[in-house]
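Report on the following structure.
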Amino acid sequence: MALLQRLLPLALALALGPAATLQGPAKSPYQLVLQHSRLRGRQHGPNVCAVQKLLGTNKKYFTNCKQWYQRKICGKSTVISYECCPGYEKVPGEKGCPAALPLSNLYETLGVVGSTTTQLYTDRTEKLRPEMGGPGSFTIFAPSNEAWASLSAEVLDSLVSNVNIELLNALRYHMVDRRVLTDELKHGMSLTSMYQNSDIQIHHYPNGIVTVNCARLLKADHHATNGVVHLIDKVISTISSNIQQIIEIEDTFETLRAAVAASGLNTLLESEGQFTLLAPTNEAFEKIPAETLNRILGDPEALKDLLNNHILKSAMCAEAIVAGMSMETLEGTTLEVGCSGDMLTINGKAIISNKDTLATNGVIHYIDELLIPDSAKTLFELAAESDVSTAVDLFRQAGLGTHLSGNEQLTLLAPLNSVFKDDTPTIDDSTKDLLLNHVIKNQLASKNLYHGQTLDTLGGKKLRVFVYRNSLCIENSCIAAHDKRGRYGTLFTMDRVLTPPMGTVMDVLKGDHRFSMLVAAIQTAGLTETLHREGVYTVFAPTNEAFQAMPPEELNKLLGNAKELANILKYHIGDEILVSGGIGALVRLKSLQGDKLEVSSKNNAVCVNKEPVAETDIMATNGVVYAITSVLQPPANRPQERGDELADSALEIFKQASAFSKVRRL
């Protein structure tokens, strides 16, 4: 009973999850990063934190595990230094930082944390100095000395020239009339400041960075007798306009303003929420061809997709980016947001010209290049950014470009450029027909394709879909990259030129002089009708050369025995369609004869039963043909290996022993 009483609290804690274990509530991202910094600094004594300092600057960061090993912030090198963790100080002659900082009022704590300029300006006001030193419970987000020094002379003069109004109001905006520690600072929350109850925006990011109106917390949770001090890296100012209102008054957003109005997104941009708008400037719109811009502006759906691709689902301040991260847009695409030194990057490009313009419902970053999503592009535009430009050029040369730039619902099966490296076809009627058979009449998604599905082409052919374990193929060509789904068309990148089937397997064999002896053998064996009718066959077709390589006596004997000939030929026919792109390393394919064929692929060379294949993927309406230069022998016809002989001998001995045992029992 006593043991049960001891175990019950632990069992309850485990059932309730990590947040309820004996170690208390789950730590915030900031606390986890601080904990990691303590862990890295513990060798230097108690309460020592490892801090990463950006070379050539005064910027310091508590380190997380990834940054610790990379030693980089925004791609720039850092050095590790060790200093007292927040709230502790050194004691002469002792290791580390064993002593807690003495608890004093807010005013005196400002000096301790390195915000003496805030302390100085507090002295200049008549009302604030008594509050800072008196009773109460407050939180102050105190700008560092460097933050005050970075203000323009004009702004600073306007503050200090009217200390009891402008400066007092500015300082009160940095204060909250209750104690707020970092574990209470939640992502996307607002705090009510002591200046006209104006909101302060808080963001607490997964990487441990906390921002206050996009100013980064440098040192947090410094307790005072009448509150708490958080040191921040900027002087913050009040926010009064939403994103839509800022767009409406900025001259550089004239084109964006018109686009937002045409799309109806102004309602979203003035609503409550926390968004990030990557706002294209007029210059960004001017960089794209007028034809493309006019097409998108005249298409409400494409325009909405374009603008939604510039809106992130949550507010992202520049100070929160210390390495690359993926962020989802309202359009559904993923952008890679990163940094290089002081510059923010989008998808690896430094296109942000002005960052951290705050609004009541988020933050705006000005960008000088449009982020056009696939969903707003034509097939031509999709292909221009892919490794299929040769195929698209062929469409243009053949006069078929309108199919790729219009509003037809289509899917383009575009072979990779590497397919044409040795030979680019000349444009004639047969090439035009081939190109049209690379265009499916509907806009498809590869995830919705299924095995055995048939697809109609603009060229009038029906193409089959084959689904294998590690590949998805349409006839002989397999999909080599993720879909690109455009406004009307979808681009499938294919690993080879597609060859539509041109008759049954029997038609294919009869039409190729290499297989004349095989055709005669099929007719002798009575398999002609099998290879003419509907079905799914993989035929490993021996060429005339293969038959001629057999000893004459053996060949004559085979051709003179229709039953044995049929047995051999059936062993060359698989009971399903297997194109070369679906083989992988090794596939065991059941033959019509009953035994299995071992089909393998390595370095683009295909073998069957370890015999090389001369030509792959000759497509037929009821199967696929592989040309081989040897006649395959079923296992029963092959000479036995030594291991098989031993196994047979062992089996015979076992049978004899078993019979002898029965006799003894009798």
Side-chain angles (χ1 to χ4, degrees), residues 57-60 86-87 89 101-182 185 190-202 210-241 317 319 356-358:
T57 72
N58 288 322
K59 284 190 172 183
K60 294 180 180 179
E89 65 178 353
L101 286 170
L103 208 60
S104 53
N105 59 43
L106 283 175
Y107 176 80
E108 292 174 356
T109 304
L110 288 173
V112 172
V113 302
S115 188
T116 54
T117 305
T118 307
Q119 200 177 39
L120 173 66
Y121 288 151
T122 300
D123 275 332
R124 293 193 182 184
T125 63
E126 295 178 0
K127 297 181 180 179
L128 199 55
R129 174 67 178 84
E131 287 183 7
M132 290 278 198
S137 182
F138 307 101
T139 297
I140 180 166
F141 297 102
S144 66
N145 295 339
E146 292 82 358
W148 286 107
S150 67
L151 289 179
S152 67
E154 182 182 358
V155 171
L156 203 54
D157 286 345
S158 68
L159 292 174
V160 298
S161 63
N162 194 347
V163 293
N164 287 316
I165 297 178
E166 297 296 336
L167 184 58
L168 176 63
N169 291 341
L171 291 171
R172 282 192 179 279
Y173 183 63
H174 288 73
M175 296 179 66
V176 178
D177 64 353
R178 64 185 180 89
R179 186 189 299 262
V180 184
L181 301 175
T182 50
L185 298 177
S190 294
L191 294 174
T192 303
S193 77
M194 292 174 61
Y195 169 66
Q196 297 184 352
N197 292 329
S198 299
D199 284 342
I200 302 172
Q201 290 184 4
I202 304 296
V210 180
T211 62
V212 182
N213 282 14
C214 285
R216 181 168 65 94
L217 250 66
L218 302 177
K219 295 180 179 178
D221 296 338
H222 284 275
H223 291 272
T225 55
N226 56 346
V228 63
V229 177
H230 304 291
L231 189 70
I232 59 177
D233 71 347
K234 292 184 184 73
V235 178
I236 62 174
S237 56
T238 56
I239 311 165
S240 57
S241 300
C317 296
E319 282 294 335
D356 287 347
T357 297
L358 283 166

So the ring-ring contact (aromatic ring centres under 6.0 Å, His included) pairs with at least one residue in residues 101-157 (sequence neighbours excluded) are Y121-W148, F141-H230

Spell out, as yes or no, whether a donor-acceptor pair under 3.5 Å connects the side chain of [X] to the backbone of [Y].
X    : Y    : answer
N226 : L106 : yes
Y173 : L168 : no
T139 : R178 : yes

Would you name the heavy atoms of [X] and [Y] that are closest together and state the gap between them?
X    : Y    : value
E319 : T211 : CB-CG2, 4.3 Å
I236 : H174 : N-NE2, 3.1 Å
R179 : G227 : NH1-O, 2.8 Å
S115 : P143 : OG-O, 2.7 Å

OG1 of T109 to CE of M132, rounded to nearest 0.5 Å, is 10.0 Å

How about I165: does its CD1 atom have over 12 heavy atoms from other parts shown lying under 6.0 Å from it? no

With I140 as partner, the option from T118, L171, V176 fulfilling side-chain contact (heavy atoms from CB on, under 4.5 Å) is T118

Can a donor-acceptor pair be found between the side chains of N197 and T192 at a distance below 3.5 Å?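 N197 vs T192: no donor-acceptor pair found between side chains.
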
Between K59 and E146, is there a side-chain N and carboxylate O pair less than 4.0 Å apart?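 Result for this pair is no, no salt bridge flagged.
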
